[in-house]
Amino acid sequence: MEIVYQPYIDPEFESLIERINAPRVCIDNDTCQHCTVVKVDSANRHGILLEMVQVLTDLDLVISKSYICSDGGWLMDVFHVRDQLGKKITDETLNLYIQQELCDTRRRGGVPKELRTCHKRKLRPCHISTEHTALEITGRDRPGLMSDISAALYELGCHITAAVAWTHNGRMACIIQVEDGLKGGPIMVQKRLALVQEKLESVVEGHHENGDKRSVLLTAPAADRTHTERRLHQMMYADKDYEPCQGCDGSCRHWNGCKKTHVTVETCKEKGYSVVNVRSRDRNKLLFDTVCALTDMQYVVFHAAVSLKGFMANQEYFIRRQDGCSLVSETESRKLAQCLVAAIERRVSHGVRLDICTENKMGLLWYLTRVFRENGLSITRTEIGTHGERASGCFYVTDASGNDANPRTVELVRQQIGGSVLVVNKSPSSSLSISRSSGEMEERPRFSLGNLLWSQLERLTSSFGH
């Protein structure tokens, strides 16, 4: 018998509660020696946890530890954060911005220009601009696909101002923002938009088998457009890139020594929760990717704890479906585990990374991708944006077979591209698996949320009052 916890709450009433009880945010640099502690006390609503994590990750902050508690229509969240150099967040301007954004997570404005300049951030297209037309493309990946897409846009007189593309399990998803190459600004003529869509569809489906899924979607400027990286997760989930993630073959039996990614789903009947445990190699935006998958699959996180041990990250979530029920079947649990593995795996970088900063010009992305293609390199992930007269971004490349690129080829490409090109050695990627056998679950050390949250709830609650 399922335990139904949450009654229906009218969205307008939920918004009223949030307006009356404005979030309180405390940024503490005194409690912890090595990191800044960000504490948030607020009325709860679906998706607010993801929005808060999104604020922190958009600023390139590293979340090393987190405690989430949100039962009873109220949340109390704690995040331990550092900058990319491992230091506390001591800049008062940045701290003030974090407080403002966490107090109003519905805002979609992105990181202010003065903060990006002040902190010398890499300018990245986390939010698609309202001043451009956005293109969303999904389909089967193949070598040279980005080159074909960017060449088609160049031929149609479209100037690419930003592009983000992911590949995973033989699938590709990308979001490209373009402007009219002659007039500037978004493409407003419907006939021309239709021509762009028709051309891109022919490019994407040109090498596809009958019945293969592909999609080209053009969207007009919108102030409330979904965060780009969240949208990429949604696109790849809709494309079912998670289906090949079939899990461990049973050869991995020792939790302590294994560096693979494990996802387990259990049921806590006495509390009416499903308990999700995730153990994986730590990396940037890991928490964002995991919470993104849970949120978009319509699961509500009531309690959670995240911690690091060496290079490994442990995440534990007490969740229910949005209708208040725990997971009802083995099939649903397995799908959730597969989707979490996919959400983590999508951002695991394969290949050599090239950071590029060069002159912004019409057809730049077509030129760059053509150079890669002519030298037998395949793009596994890319992120590029233009800012005035400059363009910057990064590409992850392998050879055409998906193996490591020859260093001499990479150096030749670097010389051909010109501008400022930095070759960054790839970081080791982890292989991924799903473990659900009872034996393995008994052997691993329990990362108990009860020990971390239930017994310390009173102390955690009182800390928000300071």
Side-chain angles (χ1 to χ4, degrees), residues 122 124-125 135 137-178 181 196 199-209 212 214 216 348-386 389-426 429:
K122 290 182 180 177
R124 300 179 303 177
L135 314 175
I137 304 172
T138 58
R140 182 181 296 277
D141 185 35
R142 59 176 171 81
L145 179 57
M146 277 300 294
S147 178
D148 289 342
I149 291 172
S150 55
L153 291 172
Y154 178 66
E155 291 173 4
L156 292 169
C158 298
H159 177 43
I160 298 173
T161 58
V164 185
W166 290 355
T167 62
H168 179 235
N169 278 341
R171 310 302 299 180
M172 178 277 299
C174 71
I175 300 177
I176 302 174
Q177 70 176 29
V178 299
V196 170
K199 179 68 173 179
L200 290 178
E201 285 177 346
S202 67
V203 169
V204 174
E205 71 183 22
H207 292 255
H208 287 231
E209 300 174 359
D212 191 26
R214 62 265 186 182
V216 178
V348 174
S349 302
H350 301 283
V352 177
R353 171 174 167 172
L354 281 76
D355 286 347
I356 294 174
C357 183
T358 188
E359 178 186 359
N360 178 21
K361 60 183 179 181
M362 184 80 170
L364 175 63
L365 185 60
W366 168 61
Y367 169 71
L368 295 174
T369 54
R370 188 187 68 185
V371 171
F372 293 138
R373 184 177 190 173
E374 290 175 348
N375 286 276
L377 297 181
S378 181
I379 300 171
T380 62
R381 191 175 134 208
T382 185
E383 190 173 292
I384 188 168
T386 58
E389 297 180 354
R390 305 299 294 174
S392 62
C394 66
F395 294 85
Y396 289 84
V397 296
T398 65
D399 67 15
S401 301
N403 300 317
D404 290 346
N406 188 308
R408 287 178 293 181
T409 302
V410 173
E411 176 59 23
L412 180 61
V413 167
R414 191 187 69 80
Q415 293 175 4
Q416 286 184 251
I417 290 175
S420 174
V421 181
L422 176 65
V423 179
V424 183
N425 290 332
K426 71 170 186 176
S429 60

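All residue numbers refer to positions in the sequence shown, counting from 1. These figures come from a predicted structure and were not determined experimentally.
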Are Cys357 and Arg390 side-chain neighbours, meaning at least one heavy-atom pair lies under 4.5 Å?
yes
Interatomic distance, OG@Ser392 vs CD@Glu383, rounded to 0.5 Å, equals 9.5 Å
Give, for atom CG of Leu368 and atom CD of Gln416, the distance between the pair rounded to the nearest 0.5 Å.
11.0 Å
Side chain to side chain contact (heavy atoms under 4.5 Å, CB included) between Asn403 and Thr398: does it pass, once the steps are laid out?
CA-CA 6 Å; Asn403 300 317; Thr398 65; over 6 Å; no
State, yes or no, whether a side-chain contact exists between Glu389 and Glu359 at a heavy-atom distance under 4.5 Å.
no
If we only count heavy atoms from C-beta on, is the Met172 to Ile137 side-chain gap below 4.5 Å?
yes
If you define the side chain from C-beta out and look only at heavy atoms, does anything of Ile356 sit under 4.5 Å from Ile417?
yes
For a 4.5 angstrom cut-off between non-hydrogen side-chain atoms, does Phe372 reach Leu354?
yes
Rounded to the nearest 0.5 Å, what separates atom SG in Cys394 from atom CZ in Arg381?
6.0 Å
Check residues 149-160 and write down every donor-acceptor pair under 3.5 Å in which the side-chain atom is one partner and the other belongs to a residue at least two apart or another chain.
from: Ser150; atom 1: OG; to: Met146; atom 2: O; distance (Å): 2.9
from: Ser150; atom 1: OG; to: Ser147; atom 2: O; distance (Å): 3.1
from: Ser150; atom 1: OG; to: Thr369; atom 2: OG1; distance (Å): 3.2

Nearest 0.5 angstrom please: Phe395 CZ to Asp355 CG, how far?
10.5 Å
Keeping the roles fixed (side chain from Ser378, backbone from Ala400), state whether a donor-acceptor pair exists under 3.5 Å.
no
Quick check: do Leu135 and Ile175 have side-chain heavy atoms less than 4.5 Å from each other?
no
Side chain of Asn375, backbone of Val371: donor and acceptor closer than 3.5 Å?
yes
Given 3.5 Å as the limit, does a donor-acceptor pair link the side chain of Thr380 with the main chain of Tyr396, or not?
yes
Quick one: does Val348's side chain get under 4.5 Å of His168's, heavy atoms only?
no
Note, Val352 side chain near Val423 side chain (heavy atom, < 4.5 Å):
yes
Between Arg414 and Glu411, is there a side-chain N and carboxylate O pair less than 4.0 Å apart?
yes
Please round to the nearest 0.5 Å and tell me the distance separating atom CG of Asp141 and atom CZ of Arg171.
9.0 Å
What's the spacing between Asp399 CG and Thr409 OG1 if we round to 0.5 Å?
8.5 Å
More than 12 heavy atoms of other groups within 6.0 Å of Gln415 CD:
yes
